[in-house]
Each structure stands twice: as C-alpha cells, then as structure tokens.
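When reading the values below, keep in mind they use all heavy atoms of this one structure, side chains included, and skip hydrogens, waters and symmetry mates. This is a predicted model, so every value here is computed, not measured. All residue numbers refer to positions in the sequence shown, counting from 1.
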Amino acid sequence: MRQTPSSTATPAVSQHFSSSYREAREKFQAAAARRGLAAQAHVHPAQRGAEGEELAMDVLRIGPADARSLLVVTSATHGVEGFCGSGCQIALLHDDELLARAERSGTALLLVHAVNPYGFSHLRRVNEDSIDLNRNFLDYSAPLPQNPAYADVHPLMLPAQWPPTADDEAAVEGYIATHGARRFQSAVSSGQSTHPDGLFYAGLAPAWSNTTLRSVLRAHAASCAQLAWIDIHTGLGPLGHGEKIFGGRNDPAELARARACWGADVFSPFTGDSFSEVVRGAAASCVYDECPGAKTIAIGLEFGTVAFMDIMEAMRADQWLTNHPKTPESQRRQIKQALRDAFCIDSPEWRGMVTAQTRVAVLQALSAFS
C-alpha cells in the first residue's frame with residue numbers, strides 16, 4: 001500500500017533553491033527554525049540588497065559547542081554562485097538522516113550562508129568594491145602578489161563598448177593563439193591588484209566579508225582539532241559535475257589527507273590537473289591564521305554550468321556594466337540575467353546533481369572524522 005508522506009518528509013529538491021537572495025535567506029532561516037535553531041546574522045554595516053533588503057552573512061552551527069571536529073560548508077563566496085550553494089545548504093538542513101549521522105559522529109556542522117551577500121543580491125560575482133573575495137585573503141602587511149600578464153589582457157577583456165566588436169574579439173583570439181589557452185586563463189583569473197576596474201581584482205585591503213568570516217572562524221573553530229571545509233562554487237567544468245578542487249596549501253601531505261577523505265579525484269591546481277588556476281588569497285586559506293592548531297582539509301566543490309568562454313563573456317559584460325553606470329536599463333537587465341544564467345542552471349536535473357554531490361562530500365567528511 002502506498003504510504004502518505006508525513007509532514008516532516010523532505011520536500012522536492014527544487015524547493016530548496018531560490019530566485020533571489022532575499023528568498024534564499026528566508027528559506028535558510030526557515031530551515032534552521034524547523035530544527036529549532038536560529039542563524040547568527042552578521043549584518044553588512046554599509047550596504048543594502050537589490051530590493052532594499054538587509055544583507056548579512058548568516059551562520060548556523062549544528063552540534064556541540066565543544067566539538068573537536070568541525071565541518072564548514074560555505075556558499076556565495078562568489079556572490080551570484082550562491083543560488084547553487086544556498087540550495088545545497090538548505091537541502092542539508094532538510095536531510096534528517098545526514099544530520100543524525102553528524103550528531104552520532106560528534107562532529108559539529110557550521111553552515112555559512114552568503115559569504116558575499118552583496119554579490120548574491122545584486123547579481124555580481126564580486127563584492128560591493130568589485131573585489132573577488134577568493135583572491136582577497138592575502139597578507140596585506142607584505143608586498144602583494146604580482147600578475148604582470150594581466151595588464152596585457154585587461155583592455156582585451158573590457159573594451160570600450162559592449163558587445164565587443166569583431167576586432168575586439170579577434171584581439172582576444174589572437175592572444176590565445178599566440179600564448180595558449182592555459183596562459184590566457186592564468187593571466188586573466190589568477191588574481192591582480194593593479195586594476196580595480198578589472199577582472200579577478202584582489203583589492204588592497206581585507207574586505208568586509210574577509211574580516212567577518214575570520215571572526216566567525218575564531219568564534220567557532222579556534223579550539224577544534226580537526227576541520228574540514230567545503231566551499232561551494234559554480235562555473236567551471238562539465239555540466240553538473242562537481243570537481244573537487246584542493247583548497248589547501250602546496251603540501252603533499254595535506255593533499256593526501258584531502259584525497260583520503262574525498263577520493264583520488266581531488267584535483268590540485270598546484271599539480272596542474274585541475275580546471276582551476278592556482279589561486280592566491282582564497283577564502284579557505286584564512287583557516288591557517290585563525291585555527292593554527294587544527295588539522296585541516298579543504299576543497300572547493302566546483303559545479304559545471306556552461307562553457308568557459310561563455311562564463312568569461314558573462315563576467316566581462318558585468319564588469320563592463322559596472323564601469324559604465326549610464327548603460328540603458330534594458331541592456332543592464334540583459335547583462336545581469338546572462339550572468340545569473342551562466343552560474344546557475346534552472347533545471348531539476350542540475351539541482352539534483354549538485355545537491356546529491358554536496359551530500360556525498362559532507363558524508364565523506366563526517367566519515368573521515370568518525
């Protein structure tokens with residue numbers, strides 16, 4: 001006989017996803033309340049959302065305050081990518097079996113919802129200062145990393161008009177033909193601190209999200225012995241596939257621990273087998289400053305959406321739009337929609353793939369700690 005689902009049955013996967021930051025935050029808070037919990041809101045002191053709403057980095061801890069093992073899951077480090085990460089986090093909060101396993105293991109789960117709430121709400125990958133937060137976690141007391149090749153590609157990426165002319169695109173193709181696709185990707189995406197109106201800008205000081213995330217770690221993770229970190233991203237790789245990008249230091253022993261947890265398919269930018277370039281100033285790197293006593297493993301779980309050059313075109317257009325604030329509203333809406341569509345696929349199949357792979361990564365981390 002077919003049973004009628006109980007009132008506590010897990011909703012369909014698509015119900016965990018949202019069409020705006022405001023909706024995502026409300027769903028996250030409601031999912032926490034369902035478990036009798038309340039997220040701690042770190043409210044942005046100077047910015048409001050696209051709908052005039054409050055912006056916040058919301059933090060929810062599930063598990064004992066004195067847990068020696070902590071699993072951190074973050075979303076929206078790259079704002080617009082939060083549509084995926086938020087949906088995956090909310091799905092975890094509705095997963096009674098998974099949370100029961102976490103409780104039995106004695107591991108605390110820390111969900112950080114919307115590391116970059118401004119970008120999430122305003123449909124930007126970067127923050128309110130056009131800073132790529134995954135390049136911002138640098139030591140600003142030391143000389144900043146240099147990327148001289150970016151100066152060569154900057155005018156190619158951000159031409160005087162949008163859409164680019166045929167000559168503009170031919171210049172990009174010429175650079176790739178001369179230097180190769182990998183060098184092009186490195187020049188553009190490894191991070192730069194010289195062009196605040198450009199792509200992958202690291203900034204000249206710690207951003208609000210940087211200092212806030214560090215304070216969250218000091219409050220929740222400073223005394224833990226083991227820490228695993230899953231930072232959810234979108235935009236690189238085959239459609240729906242979650243590449244596990246090693247998020248630690250260039251340390252073979254640390255890479256081996258990450259692979260022991262998440263599998264041999266944890267790919268490292270340091271060895272050249274990842275879609276990602278070596279990232280300087282990644283958010284997860286702050287764990288070494290804030291939790292020096294913890295044995296740490298970290299991955300960026302990067303879900304594929306569209307082709308790399310389509311991703312680049314969407315990012316170029318969005319930064320061009322920021323550089324040209326008098327752009328007509330119709331073109332503005334078109335550019336924003338294209339950026340959102342580049343980083344989030346609105347299909348039940350894609351949503352099912354990303355939530356299932358996130359669940360597996362969380363279960364693997366819990367097993368590694370047990």
Give a yes or no answer on whether the side chain of [X] reaches the backbone of [Y] with a donor-acceptor pair at less than 3.5 Å.
{"X": "Trp262", "Y": "Gln364", "result": "no"}
{"X": "Glu349", "Y": "Ser347", "result": "no"}
{"X": "Arg316", "Y": "Leu199", "result": "no"}
{"X": "Thr271", "Y": "Phe267", "result": "no"}
{"X": "Ser186", "Y": "Arg182", "result": "no"}

**Report entry** Verdict with reasoning, His44 to Tyr118, per ring-ring contact (aromatic ring centres under 6.0 Å, His included)
**Finding:** CA-CA 9 Å; His44 200 298; Tyr118 179 92; 7.4 Å; no
Query raised in the report: What pairs with Ala114 under side-chain contact (heavy atoms from CB on, under 4.5 Å), at least two apart in sequence or on another chain?
Result: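 Applying side-chain contact (heavy atoms from CB on, under 4.5 Å) to Ala114 gives Tyr21, Ala76, Pro117, Phe120.
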Query - Chi angles and distances behind the side-chain hydrogen bond (donor to acceptor under 3.5 Å, both in side chains) call for Ser130, Arg124 - result: CA-CA 8 Å; Ser130 291; Arg124 298 216 69 199; 2.9 Å; yes
Requested in this report: Indicate the ring-plane relationship of Trp162 and Trp320, choosing parallel, tilted or perpendicular according to the 30° and 60° boundaries.
Outcome: tilted
Query - Gln331 vs Thr327, side-chain hydrogen bond (donor to acceptor under 3.5 Å, both in side chains): CA-CA, chis, key distance, verdict - result: CA-CA 7 Å; Gln331 187 177 13; Thr327 299; 4.9 Å; no
Requested in this report: Answer yes or no: are there more than 12 heavy-atom neighbours, outside Gln334 itself, under 6.0 Å from its atom CD?
Outcome: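 12 or below, so no.
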Requested in this report: Write down the atom of Ser18, the atom of Phe83, and the distance for their closest heavy-atom approach.
Outcome: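 Taking Ser18 first and Phe83 second, the nearest heavy atoms are O-CD2, 3.3 Å.
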Query raised in the report: Honestly curious: do Leu93 and Leu110 fall in one hydrophobic cluster under the side-chain, below-4.5 Å linking rule?
Result: no
Query - Residues Glu81 and His233: side-chain donor-acceptor under 3.5 angstrom - result: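 Yes, because at least one side-chain N or O of Glu81 sits under 3.5 Å from a partner of the opposite role on His233.
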**Report entry** Intermediate values then yes/no, side-chain hydrogen bond (donor to acceptor under 3.5 Å, both in side chains), His78 and Asn116
**Finding:** CA-CA 6 Å; His78 290 143; Asn116 174 9; over 6 Å; no
Report task. Any pair with a residue in residues 163-189 that passes ring pair (Phe, Tyr, Trp, His ring centres under 6.0 Å), sequence neighbours left out, goes on the list, sorted by first then second residue, please. Result -> Tyr175-His179
